[in-house]
Amino acid sequence: MVTIHDLTPVSEFEWEIPADARKGMRVGVRLFATRRLLEAVLKDNAVQQAVNAASLPGLAGPVVVMPDMHQGYGFPIGGVAATALPDGVISPGGIGYDINCGVRLMASAVPLEAAQPYLERLVTALDQHCPSGVGTAGSLRLSDADLEKVCRLGAGWAQQRGWATEMDLRRCEDGGCLPEADPASVSPRARERGRTQLGTLGAGNHFIEVGVVEDVYDLEAAQAMGLEPGCLTLMIHCGSRGFGHQICTDAVQSLQGAVRRYGISIPDRELVCAPLDSPEGRAYLGAMRSAANYAFANRQILAHQARLAFEAALAGVVRNFHLHLVYDITHNIAKLETHTLNGRAQRVCVHRKGATRAFGPGSPDLPPEYAHTGQPVLVPGSMGTGSWVLAGTAESMERSYASSCHGAGRVFSRSQAKREIRGEALLRALEKQGIQVRAGSMGGLAEEAPQAYKDVDEVVRTVCGAGITRKVARLRPVAVVKG
DNA sequence: ATGTCC
(Lines give C-alpha, C1' and ligand atoms only; values in the text may rest on other atoms or scores of the structure.)
Protein backbone atom coordinates (compact mmCIF):
# COMPACT_ATOMS: atom_id res chain seq x y z
CA MET A 1 0.00 0.00 0.00
CA VAL A 2 1.28 3.43 -0.97
CA THR A 3 1.07 6.19 1.66
CA ILE A 4 1.92 9.89 1.64
CA HIS A 5 5.34 8.94 3.11
CA ASP A 6 6.28 7.15 -0.11
CA LEU A 7 5.94 10.45 -1.98
CA THR A 8 8.65 13.09 -2.23
CA PRO A 9 7.32 16.63 -2.72
CA VAL A 10 8.91 18.48 -5.63
CA SER A 11 6.71 21.58 -5.42
CA GLU A 12 3.25 22.60 -4.21
CA PHE A 13 1.88 20.84 -7.29
CA GLU A 14 4.27 17.95 -7.98
CA TRP A 15 5.43 14.75 -6.24
CA GLU A 16 7.76 11.89 -7.05
CA ILE A 17 8.05 8.20 -6.30
CA PRO A 18 11.63 7.15 -7.15
CA ALA A 19 12.23 4.10 -9.32
CA ASP A 20 13.78 2.17 -6.42
CA ALA A 21 10.80 2.69 -4.07
CA ARG A 22 9.20 -0.64 -4.88
CA LYS A 23 10.43 -3.96 -6.24
CA GLY A 24 9.79 -4.36 -9.95
CA MET A 25 9.65 -0.64 -10.80
CA ARG A 26 11.71 0.18 -13.92
CA VAL A 27 11.06 3.94 -13.80
CA GLY A 28 9.78 6.48 -11.28
CA VAL A 29 6.32 8.00 -10.97
CA ARG A 30 5.70 11.76 -11.31
CA LEU A 31 2.41 12.95 -9.82
CA PHE A 32 0.85 16.34 -10.38
CA ALA A 33 -1.36 17.07 -7.35
CA THR A 34 -1.84 19.30 -4.36
CA ARG A 35 -1.52 17.61 -0.96
CA ARG A 36 -5.31 17.79 -0.57
CA LEU A 37 -6.01 16.06 -3.90
CA LEU A 38 -3.36 13.45 -3.14
CA GLU A 39 -4.83 12.58 0.26
CA ALA A 40 -8.20 12.02 -1.41
CA VAL A 41 -6.79 9.64 -4.05
CA LEU A 42 -4.57 7.67 -1.64
CA LYS A 43 -7.81 6.17 -0.32
CA ASP A 44 -8.30 4.25 -3.57
CA ASN A 45 -5.82 2.24 -5.61
CA ALA A 46 -4.79 4.86 -8.19
CA VAL A 47 -1.25 5.60 -6.95
CA GLN A 48 -0.54 1.89 -6.45
CA GLN A 49 -1.70 1.34 -10.04
CA ALA A 50 0.76 4.01 -11.24
CA VAL A 51 3.53 2.18 -9.36
CA ASN A 52 2.41 -1.07 -11.04
CA ALA A 53 2.46 0.62 -14.46
CA ALA A 54 6.06 1.72 -13.78
CA SER A 55 7.07 -1.94 -14.10
CA LEU A 56 5.91 -2.33 -17.73
CA PRO A 57 8.73 -3.29 -20.13
CA GLY A 58 10.32 -0.65 -22.34
CA LEU A 59 9.21 2.52 -20.53
CA ALA A 60 11.12 5.51 -21.91
CA GLY A 61 10.74 7.66 -18.79
CA PRO A 62 8.63 8.12 -15.65
CA VAL A 63 4.96 7.25 -15.45
CA VAL A 64 3.11 10.57 -15.08
CA VAL A 65 -0.19 10.98 -13.22
CA MET A 66 -2.55 13.94 -13.39
CA PRO A 67 -4.40 15.54 -10.43
CA ASP A 68 -7.77 14.16 -11.56
CA MET A 69 -6.40 10.61 -11.13
CA HIS A 70 -8.54 7.78 -9.85
CA GLN A 71 -8.57 4.00 -9.92
CA GLY A 72 -9.18 2.38 -13.30
CA TYR A 73 -8.83 -1.00 -14.98
CA GLY A 74 -5.20 -1.98 -14.21
CA PHE A 75 -3.83 1.49 -14.91
CA PRO A 76 -4.96 4.73 -13.25
CA ILE A 77 -7.33 7.07 -15.02
CA GLY A 78 -5.25 10.24 -15.30
CA GLY A 79 -2.10 8.24 -16.12
CA VAL A 80 0.43 8.73 -18.93
CA ALA A 81 3.09 6.19 -19.91
CA ALA A 82 5.53 6.27 -22.84
CA THR A 83 7.05 3.06 -24.16
CA ALA A 84 9.71 2.71 -26.85
CA LEU A 85 11.09 0.11 -29.19
CA PRO A 86 12.78 -2.32 -29.01
CA ASP A 87 11.33 -3.62 -25.70
CA GLY A 88 8.27 -1.37 -25.36
CA VAL A 89 4.76 -2.74 -25.04
CA ILE A 90 1.25 -1.58 -25.73
CA SER A 91 -1.33 -2.21 -22.99
CA PRO A 92 -5.10 -1.81 -23.45
CA GLY A 93 -5.41 -1.03 -19.73
CA GLY A 94 -3.29 2.07 -20.38
CA ILE A 95 -5.88 3.33 -22.86
CA GLY A 96 -9.20 2.35 -21.33
CA TYR A 97 -12.37 0.59 -22.37
CA ASP A 98 -13.79 3.68 -24.04
CA ILE A 99 -11.16 4.04 -26.77
CA ASN A 100 -10.91 7.69 -27.90
CA CYS A 101 -13.32 8.92 -25.34
CA GLY A 102 -12.89 12.65 -25.86
CA VAL A 103 -14.30 16.14 -25.81
CA ARG A 104 -15.34 18.51 -28.56
CA LEU A 105 -16.00 22.19 -27.89
CA MET A 106 -18.02 24.38 -30.23
CA ALA A 107 -18.73 28.08 -29.78
CA SER A 108 -21.22 30.63 -31.03
CA ALA A 109 -21.70 34.39 -31.19
CA VAL A 110 -25.09 34.13 -29.45
CA PRO A 111 -25.24 36.16 -26.20
CA LEU A 112 -26.87 34.18 -23.37
CA GLU A 113 -29.44 36.98 -22.85
CA ALA A 114 -30.65 36.60 -26.44
CA ALA A 115 -31.03 32.81 -26.10
CA GLN A 116 -32.36 32.68 -22.52
CA PRO A 117 -36.10 32.59 -23.47
CA TYR A 118 -35.43 29.65 -25.85
CA LEU A 119 -33.15 27.52 -23.66
CA GLU A 120 -35.82 24.97 -22.80
CA ARG A 121 -36.67 24.61 -26.48
CA LEU A 122 -32.95 24.27 -27.25
CA VAL A 123 -32.24 21.53 -24.73
CA THR A 124 -35.32 19.63 -25.92
CA ALA A 125 -34.10 19.90 -29.52
CA LEU A 126 -30.62 18.69 -28.54
CA ASP A 127 -32.15 15.75 -26.67
CA GLN A 128 -34.24 14.86 -29.75
CA HIS A 129 -31.39 15.24 -32.26
CA CYS A 130 -28.71 13.41 -30.24
CA PRO A 131 -29.75 9.88 -29.19
CA SER A 132 -28.40 8.87 -25.77
CA GLY A 133 -28.53 6.02 -23.27
CA VAL A 134 -26.97 2.59 -22.78
CA GLY A 135 -27.33 0.35 -25.82
CA THR A 136 -29.04 3.07 -27.84
CA ALA A 137 -28.98 2.81 -31.63
CA GLY A 138 -28.86 5.88 -33.86
CA SER A 139 -30.50 6.38 -37.22
CA LEU A 140 -27.51 5.00 -39.18
CA ARG A 141 -27.17 1.33 -40.15
CA LEU A 142 -23.63 0.90 -41.46
CA SER A 143 -22.85 -1.69 -44.13
CA ASP A 144 -19.58 -3.64 -43.74
CA ALA A 145 -18.02 -1.37 -46.37
CA ASP A 146 -19.14 1.83 -44.63
CA LEU A 147 -17.98 0.62 -41.21
CA GLU A 148 -14.55 -0.07 -42.72
CA LYS A 149 -14.51 3.43 -44.19
CA VAL A 150 -15.40 4.91 -40.79
CA CYS A 151 -12.49 2.92 -39.29
CA ARG A 152 -10.06 4.24 -41.90
CA LEU A 153 -11.31 7.82 -42.36
CA GLY A 154 -12.64 8.88 -38.94
CA ALA A 155 -14.27 12.33 -39.07
CA GLY A 156 -13.36 12.38 -42.79
CA TRP A 157 -16.14 9.84 -43.36
CA ALA A 158 -18.63 12.35 -41.96
CA GLN A 159 -17.19 14.98 -44.31
CA GLN A 160 -17.83 12.67 -47.29
CA ARG A 161 -21.47 12.57 -46.19
CA GLY A 162 -21.65 16.37 -45.97
CA TRP A 163 -21.65 16.41 -42.16
CA ALA A 164 -18.30 18.14 -41.65
CA THR A 165 -16.46 21.13 -43.06
CA GLU A 166 -12.78 21.37 -43.88
CA MET A 167 -12.38 23.61 -40.81
CA ASP A 168 -14.03 20.97 -38.60
CA LEU A 169 -11.42 18.39 -39.60
CA ARG A 170 -8.51 20.82 -39.28
CA ARG A 171 -9.54 21.56 -35.68
CA CYS A 172 -9.64 17.92 -34.57
CA GLU A 173 -6.63 16.33 -32.90
CA ASP A 174 -4.84 14.41 -35.68
CA GLY A 175 -7.30 15.90 -38.17
CA GLY A 176 -9.95 13.54 -36.81
CA CYS A 177 -8.21 10.46 -38.24
CA LEU A 178 -5.40 8.25 -36.97
CA PRO A 179 -3.39 6.67 -39.79
CA GLU A 180 -2.82 2.92 -40.11
CA ALA A 181 -6.14 1.75 -38.69
CA ASP A 182 -6.69 -1.91 -39.48
CA PRO A 183 -10.39 -2.84 -39.56
CA ALA A 184 -9.40 -6.43 -40.45
CA SER A 185 -8.21 -6.76 -36.83
CA VAL A 186 -11.68 -5.84 -35.49
CA SER A 187 -13.77 -8.84 -34.36
CA PRO A 188 -17.15 -9.62 -35.97
CA ARG A 189 -18.78 -9.00 -32.61
CA ALA A 190 -17.33 -5.50 -32.33
CA ARG A 191 -18.46 -4.76 -35.90
CA GLU A 192 -21.98 -5.91 -35.06
CA ARG A 193 -22.11 -3.60 -32.03
CA GLY A 194 -20.64 -0.69 -33.97
CA ARG A 195 -23.03 -0.93 -36.91
CA THR A 196 -25.95 0.89 -35.24
CA GLN A 197 -24.30 3.17 -32.69
CA LEU A 198 -22.59 5.82 -34.79
CA GLY A 199 -24.04 9.26 -34.00
CA THR A 200 -25.09 8.38 -30.44
CA LEU A 201 -23.96 9.84 -27.13
CA GLY A 202 -24.05 6.83 -24.80
CA ALA A 203 -24.41 7.07 -21.03
CA GLY A 204 -22.31 7.28 -17.87
CA ASN A 205 -20.33 10.51 -17.77
CA HIS A 206 -21.03 11.25 -21.43
CA PHE A 207 -23.03 14.41 -22.01
CA ILE A 208 -23.81 17.40 -24.16
CA GLU A 209 -23.53 20.67 -22.28
CA VAL A 210 -24.59 24.16 -23.34
CA GLY A 211 -22.45 26.71 -21.54
CA VAL A 212 -21.61 30.37 -21.52
CA VAL A 213 -18.12 31.90 -21.65
CA GLU A 214 -17.92 33.17 -18.06
CA ASP A 215 -14.31 34.23 -17.42
CA VAL A 216 -11.50 34.85 -19.89
CA TYR A 217 -7.92 34.50 -18.61
CA ASP A 218 -6.06 34.77 -21.93
CA LEU A 219 -7.79 37.20 -24.26
CA GLU A 220 -5.55 36.53 -27.26
CA ALA A 221 -5.99 32.75 -27.03
CA ALA A 222 -9.74 33.09 -26.43
CA GLN A 223 -10.01 35.29 -29.53
CA ALA A 224 -8.04 32.79 -31.61
CA MET A 225 -10.52 30.11 -30.47
CA GLY A 226 -13.56 32.32 -31.13
CA LEU A 227 -14.64 32.27 -27.46
CA GLU A 228 -16.67 35.43 -26.88
CA PRO A 229 -17.46 36.45 -23.28
CA GLY A 230 -21.13 35.95 -22.47
CA CYS A 231 -21.83 33.83 -25.55
CA LEU A 232 -23.10 30.26 -25.83
CA THR A 233 -20.82 27.23 -26.21
CA LEU A 234 -21.59 23.56 -26.73
CA MET A 235 -19.47 20.72 -25.38
CA ILE A 236 -19.80 17.08 -26.44
CA HIS A 237 -18.19 14.36 -24.30
CA CYS A 238 -18.39 10.84 -25.74
CA GLY A 239 -16.37 8.05 -27.29
CA SER A 240 -16.50 4.88 -29.36
CA ARG A 241 -19.57 3.30 -27.68
CA GLY A 242 -19.95 -0.48 -27.74
CA PHE A 243 -17.55 -0.70 -30.69
CA GLY A 244 -14.47 0.46 -28.75
CA HIS A 245 -15.63 -1.35 -25.63
CA GLN A 246 -15.77 -4.66 -27.49
CA ILE A 247 -12.35 -4.04 -29.08
CA CYS A 248 -10.86 -3.47 -25.61
CA THR A 249 -12.65 -6.55 -24.22
CA ASP A 250 -11.29 -8.66 -27.10
CA ALA A 251 -7.75 -7.32 -26.57
CA VAL A 252 -7.71 -7.88 -22.80
CA GLN A 253 -8.66 -11.48 -23.54
CA SER A 254 -6.28 -12.14 -26.42
CA LEU A 255 -3.24 -10.36 -24.92
CA GLN A 256 -3.27 -12.69 -21.92
CA GLY A 257 -1.77 -15.20 -24.31
CA ALA A 258 0.82 -12.70 -25.51
CA VAL A 259 1.99 -12.05 -21.93
CA ARG A 260 2.68 -15.79 -21.59
CA ARG A 261 4.25 -16.25 -25.02
CA TYR A 262 6.68 -13.35 -24.63
CA GLY A 263 7.43 -14.12 -20.97
CA ILE A 264 6.39 -10.63 -19.79
CA SER A 265 6.25 -10.21 -16.03
CA ILE A 266 3.38 -7.94 -14.86
CA PRO A 267 2.35 -7.19 -11.24
CA ASP A 268 -1.38 -7.13 -12.07
CA ARG A 269 -3.14 -9.27 -14.67
CA GLU A 270 -5.17 -6.20 -15.67
CA LEU A 271 -1.92 -4.80 -17.13
CA VAL A 272 -1.91 -7.32 -20.00
CA CYS A 273 0.21 -6.06 -22.89
CA ALA A 274 2.18 -7.14 -25.95
CA PRO A 275 5.42 -5.90 -27.52
CA LEU A 276 4.71 -2.99 -29.89
CA ASP A 277 6.26 -4.86 -32.82
CA SER A 278 4.66 -8.27 -32.14
CA PRO A 279 1.77 -9.57 -34.28
CA GLU A 280 -0.52 -9.32 -31.22
CA GLY A 281 0.59 -5.76 -30.43
CA ARG A 282 0.22 -4.63 -34.03
CA ALA A 283 -3.25 -6.20 -34.29
CA TYR A 284 -4.42 -4.37 -31.16
CA LEU A 285 -2.91 -1.08 -32.42
CA GLY A 286 -4.78 -1.50 -35.72
CA ALA A 287 -8.08 -2.30 -33.98
CA MET A 288 -7.60 0.49 -31.41
CA ARG A 289 -7.01 3.02 -34.21
CA SER A 290 -10.23 1.79 -35.86
CA ALA A 291 -12.13 2.50 -32.64
CA ALA A 292 -10.40 5.88 -32.32
CA ASN A 293 -11.54 6.83 -35.81
CA TYR A 294 -15.06 5.59 -35.06
CA ALA A 295 -15.13 7.94 -32.04
CA PHE A 296 -13.87 10.90 -34.13
CA ALA A 297 -16.67 10.23 -36.62
CA ASN A 298 -19.16 9.84 -33.76
CA ARG A 299 -18.38 13.24 -32.22
CA GLN A 300 -18.44 14.87 -35.67
CA ILE A 301 -21.88 13.43 -36.45
CA LEU A 302 -23.19 14.48 -33.03
CA ALA A 303 -21.79 17.97 -33.72
CA HIS A 304 -23.70 18.06 -37.01
CA GLN A 305 -26.87 16.96 -35.18
CA ALA A 306 -26.28 19.63 -32.53
CA ARG A 307 -26.02 22.27 -35.27
CA LEU A 308 -29.38 21.08 -36.61
CA ALA A 309 -30.82 21.32 -33.08
CA PHE A 310 -29.54 24.90 -32.74
CA GLU A 311 -31.18 25.71 -36.07
CA ALA A 312 -34.46 24.05 -35.06
CA ALA A 313 -34.62 25.92 -31.75
CA LEU A 314 -33.09 29.30 -32.61
CA ALA A 315 -33.63 30.05 -36.32
CA GLY A 316 -35.82 33.12 -36.77
CA VAL A 317 -35.55 34.22 -33.14
CA VAL A 318 -31.78 34.54 -32.57
CA ARG A 319 -29.15 35.77 -35.03
CA ASN A 320 -25.76 34.13 -35.79
CA PHE A 321 -26.57 30.78 -34.17
CA HIS A 322 -23.82 28.96 -36.08
CA LEU A 323 -21.56 26.76 -33.95
CA HIS A 324 -17.92 26.74 -35.04
CA LEU A 325 -15.56 24.02 -33.84
CA VAL A 326 -12.99 25.22 -31.31
CA TYR A 327 -11.20 21.87 -31.04
CA ASP A 328 -11.77 18.12 -30.58
CA ILE A 329 -9.48 16.19 -28.22
CA THR A 330 -9.12 12.57 -27.21
CA HIS A 331 -8.27 11.55 -23.62
CA ASN A 332 -8.17 7.71 -23.94
CA ILE A 333 -5.61 6.71 -26.56
CA ALA A 334 -2.10 5.49 -27.37
CA LYS A 335 -0.20 7.26 -30.14
CA LEU A 336 3.25 7.20 -31.67
CA GLU A 337 4.87 10.59 -31.04
CA THR A 338 8.39 12.02 -30.95
CA HIS A 339 9.51 13.32 -27.55
CA THR A 340 12.84 14.61 -26.32
CA LEU A 341 13.84 12.39 -23.38
CA ASN A 342 17.22 12.65 -21.67
CA GLY A 343 18.25 15.16 -24.31
CA ARG A 344 17.51 12.91 -27.26
CA ALA A 345 14.52 12.82 -29.63
CA GLN A 346 12.80 9.45 -29.34
CA ARG A 347 9.85 7.82 -31.05
CA VAL A 348 7.57 6.61 -28.26
CA CYS A 349 4.09 5.13 -27.84
CA VAL A 350 2.35 7.54 -25.47
CA HIS A 351 -0.51 5.93 -23.55
CA ARG A 352 -2.93 8.58 -22.28
CA LYS A 353 -5.77 7.26 -20.14
CA GLY A 354 -7.92 10.07 -18.81
CA ALA A 355 -5.21 12.51 -19.86
CA THR A 356 -5.27 15.08 -22.66
CA ARG A 357 -2.54 15.80 -25.18
CA ALA A 358 -1.32 19.37 -24.56
CA PHE A 359 1.09 20.35 -27.34
CA GLY A 360 2.77 23.70 -26.75
CA PRO A 361 3.03 26.68 -29.10
CA GLY A 362 4.86 26.00 -32.35
CA SER A 363 4.02 22.31 -32.54
CA PRO A 364 3.78 21.30 -36.21
CA ASP A 365 0.73 19.15 -35.38
CA LEU A 366 -1.45 22.16 -34.55
CA PRO A 367 -3.64 24.05 -37.05
CA PRO A 368 -2.00 27.39 -38.01
CA GLU A 369 -4.59 29.43 -36.08
CA TYR A 370 -3.33 27.82 -32.85
CA ALA A 371 0.40 27.98 -33.64
CA HIS A 372 0.90 30.81 -31.11
CA THR A 373 -1.65 29.77 -28.47
CA GLY A 374 -0.71 26.10 -28.14
CA GLN A 375 -3.21 23.25 -28.34
CA PRO A 376 -6.64 23.86 -26.80
CA VAL A 377 -7.06 21.48 -23.83
CA LEU A 378 -10.72 20.84 -22.98
CA VAL A 379 -11.51 20.01 -19.35
CA PRO A 380 -15.13 19.26 -18.51
CA GLY A 381 -16.01 19.66 -14.85
CA SER A 382 -18.55 17.56 -13.00
CA MET A 383 -22.18 18.20 -13.82
CA GLY A 384 -23.23 21.74 -13.08
CA THR A 385 -19.85 22.98 -11.87
CA GLY A 386 -18.33 24.51 -14.99
CA SER A 387 -15.73 23.51 -17.55
CA TRP A 388 -12.33 24.86 -18.54
CA VAL A 389 -10.49 25.68 -21.73
CA LEU A 390 -6.71 25.51 -21.22
CA ALA A 391 -3.77 25.63 -23.63
CA GLY A 392 -0.64 23.48 -23.95
CA THR A 393 2.77 24.88 -22.96
CA ALA A 394 6.44 24.27 -23.70
CA GLU A 395 6.68 22.96 -20.11
CA SER A 396 4.23 20.13 -20.85
CA MET A 397 6.54 18.96 -23.64
CA GLU A 398 9.32 18.56 -21.03
CA ARG A 399 7.45 17.38 -17.91
CA SER A 400 4.45 15.30 -18.94
CA TYR A 401 4.95 13.93 -22.48
CA ALA A 402 2.92 16.97 -23.61
CA SER A 403 -0.11 15.98 -21.52
CA SER A 404 -2.47 17.53 -19.00
CA CYS A 405 -5.62 16.62 -17.05
CA HIS A 406 -8.94 15.56 -18.58
CA GLY A 407 -11.64 16.48 -16.07
CA ALA A 408 -12.58 16.59 -12.40
CA GLY A 409 -11.97 12.89 -11.71
CA ARG A 410 -14.03 10.75 -9.37
CA VAL A 411 -13.55 10.69 -5.61
CA PHE A 412 -16.02 7.86 -5.09
CA SER A 413 -17.42 5.05 -7.16
CA ARG A 414 -20.57 4.92 -9.24
CA SER A 415 -22.11 2.40 -6.84
CA GLN A 416 -21.37 4.59 -3.80
CA ALA A 417 -22.81 7.63 -5.60
CA LYS A 418 -25.95 5.67 -6.46
CA ARG A 419 -26.34 4.58 -2.83
CA GLU A 420 -25.84 8.02 -1.34
CA ILE A 421 -27.43 10.41 -3.83
CA ARG A 422 -30.98 10.74 -5.11
CA GLY A 423 -31.19 11.60 -8.80
CA GLU A 424 -34.47 13.49 -8.34
CA ALA A 425 -32.99 15.74 -5.62
CA LEU A 426 -29.95 16.42 -7.79
CA LEU A 427 -32.17 17.31 -10.75
CA ARG A 428 -34.06 19.83 -8.61
CA ALA A 429 -30.80 21.30 -7.28
CA LEU A 430 -29.45 21.77 -10.81
CA GLU A 431 -32.70 23.39 -11.96
CA LYS A 432 -32.57 25.71 -8.97
CA GLN A 433 -29.14 26.83 -10.24
CA GLY A 434 -30.81 27.66 -13.56
CA ILE A 435 -29.41 24.61 -15.38
CA GLN A 436 -31.85 22.86 -17.76
CA VAL A 437 -31.43 19.07 -17.58
CA ARG A 438 -32.60 16.24 -19.83
CA ALA A 439 -31.55 12.92 -18.26
CA GLY A 440 -32.28 9.41 -19.47
CA SER A 441 -32.33 7.90 -15.99
CA MET A 442 -32.33 9.22 -12.42
CA GLY A 443 -29.90 6.49 -11.33
CA GLY A 444 -27.50 7.51 -14.06
CA LEU A 445 -27.82 11.13 -12.98
CA ALA A 446 -26.98 10.23 -9.36
CA GLU A 447 -23.81 8.41 -10.49
CA GLU A 448 -22.59 11.66 -12.00
CA ALA A 449 -23.39 13.91 -9.04
CA PRO A 450 -20.79 16.64 -8.44
CA GLN A 451 -20.26 15.32 -4.88
CA ALA A 452 -18.80 12.13 -6.43
CA TYR A 453 -16.11 14.20 -8.20
CA LYS A 454 -13.09 16.24 -7.22
CA ASP A 455 -13.14 20.03 -7.47
CA VAL A 456 -12.30 20.75 -11.12
CA ASP A 457 -11.07 24.24 -10.20
CA GLU A 458 -8.41 22.70 -7.91
CA VAL A 459 -7.43 20.20 -10.62
CA VAL A 460 -7.00 23.10 -13.06
CA ARG A 461 -5.13 25.19 -10.47
CA THR A 462 -2.72 22.25 -10.12
CA VAL A 463 -1.94 21.66 -13.80
CA CYS A 464 -1.60 25.42 -14.36
CA GLY A 465 0.47 25.89 -11.18
CA ALA A 466 2.74 23.08 -12.35
CA GLY A 467 2.98 24.87 -15.71
CA ILE A 468 1.87 21.99 -17.95
CA THR A 469 -1.10 24.02 -19.27
CA ARG A 470 -2.35 27.58 -18.87
CA LYS A 471 -5.84 28.99 -18.35
CA VAL A 472 -7.74 30.38 -21.34
CA ALA A 473 -11.39 30.53 -20.25
CA ARG A 474 -13.95 29.13 -17.85
CA LEU A 475 -17.40 28.04 -19.07
CA ARG A 476 -20.54 28.03 -16.91
CA PRO A 477 -23.17 25.40 -17.76
CA VAL A 478 -26.74 26.44 -18.56
CA ALA A 479 -28.16 23.18 -19.98
CA VAL A 480 -27.14 19.54 -20.08
CA VAL A 481 -28.28 16.39 -21.94
CA LYS A 482 -27.35 13.04 -20.39
CA GLY A 483 -28.02 9.40 -21.28
C1' DA B 1 -17.15 3.31 -20.08
C1' DT B 2 -20.34 -1.04 -21.34
C1' DG B 3 -26.43 -4.87 -25.04
C1' DT B 4 -23.26 -3.00 -16.40
C1' DC B 5 -23.22 -11.73 -17.05
C1' DC B 6 -23.33 -15.45 -23.21
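These numbers were taken from a predicted model, which means no experiment stands behind them. Labels below follow one simple rule: chain letters A, B, ... track the order of the sequence lines, proteins then strands, and each chain is numbered from 1.
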How many whole angstroms separate atom [atom1] of [X] from atom [atom2] of [N]?
| X | N | atom1 | atom2 | value |
| --- | --- | --- | --- | --- |
| A:Leu201 | B:dT2 | CG | C1' | 14 Å |
| A:Ile95 | B:dT2 | CD1 | P | 17 Å |
| A:Tyr97 | B:dC5 | OH | C1' | 13 Å |
| A:Gln246 | B:dT4 | CD | C1' | 14 Å |
| A:Tyr73 | B:dT2 | OH | P | 17 Å |
| A:Glu448 | B:dT2 | CD | P | 11 Å |
| A:Arg241 | B:dT2 | CZ | P | 5 Å |
| A:His245 | B:dC6 | NE2 | C1' | 15 Å |

Across the strands shown, which category fits [X] at heavy-atom distances under 4.0 angstrom: base, sugar-phosphate, nothing?
| X | answer |
| --- | --- |
| A:Glu447 | nothing |
| A:Glu192 | nothing |
| A:Gly204 | sugar-phosphate |

### Task
Under the side-chain hydrogen bond (donor to acceptor under 3.5 Å, both in side chains) rule, collect the residues that match up with A:Arg269, sequence neighbours excluded.
none
### Message
I'd like to know if the side chain of A:Arg352 and the backbone of A:Tyr401 have a donor-acceptor N/O pair within less than 3.5 Å.
### Response
yes
### Task
Would you confirm whether A:Glu270, through its side chain, and A:Gly74, through its main-chain N or O, come within 3.5 Å as a donor-acceptor pair?
yes
### Task
Indicate whether OP1 or OP2 belonging to B:dT4 is found under 4.0 Å from a side-chain N or O atom of A:Arg414.
no
### No-hydrogen, no-angle side-chain donor-acceptor test under 3.5 Å, A:Ser290 and A:Asn293
no
### Message
Judged by each residue's nearest nucleotide on DNA chain B, which is more toward the 5′ side, A:His206 or A:Lys418?
### Response
A:His206
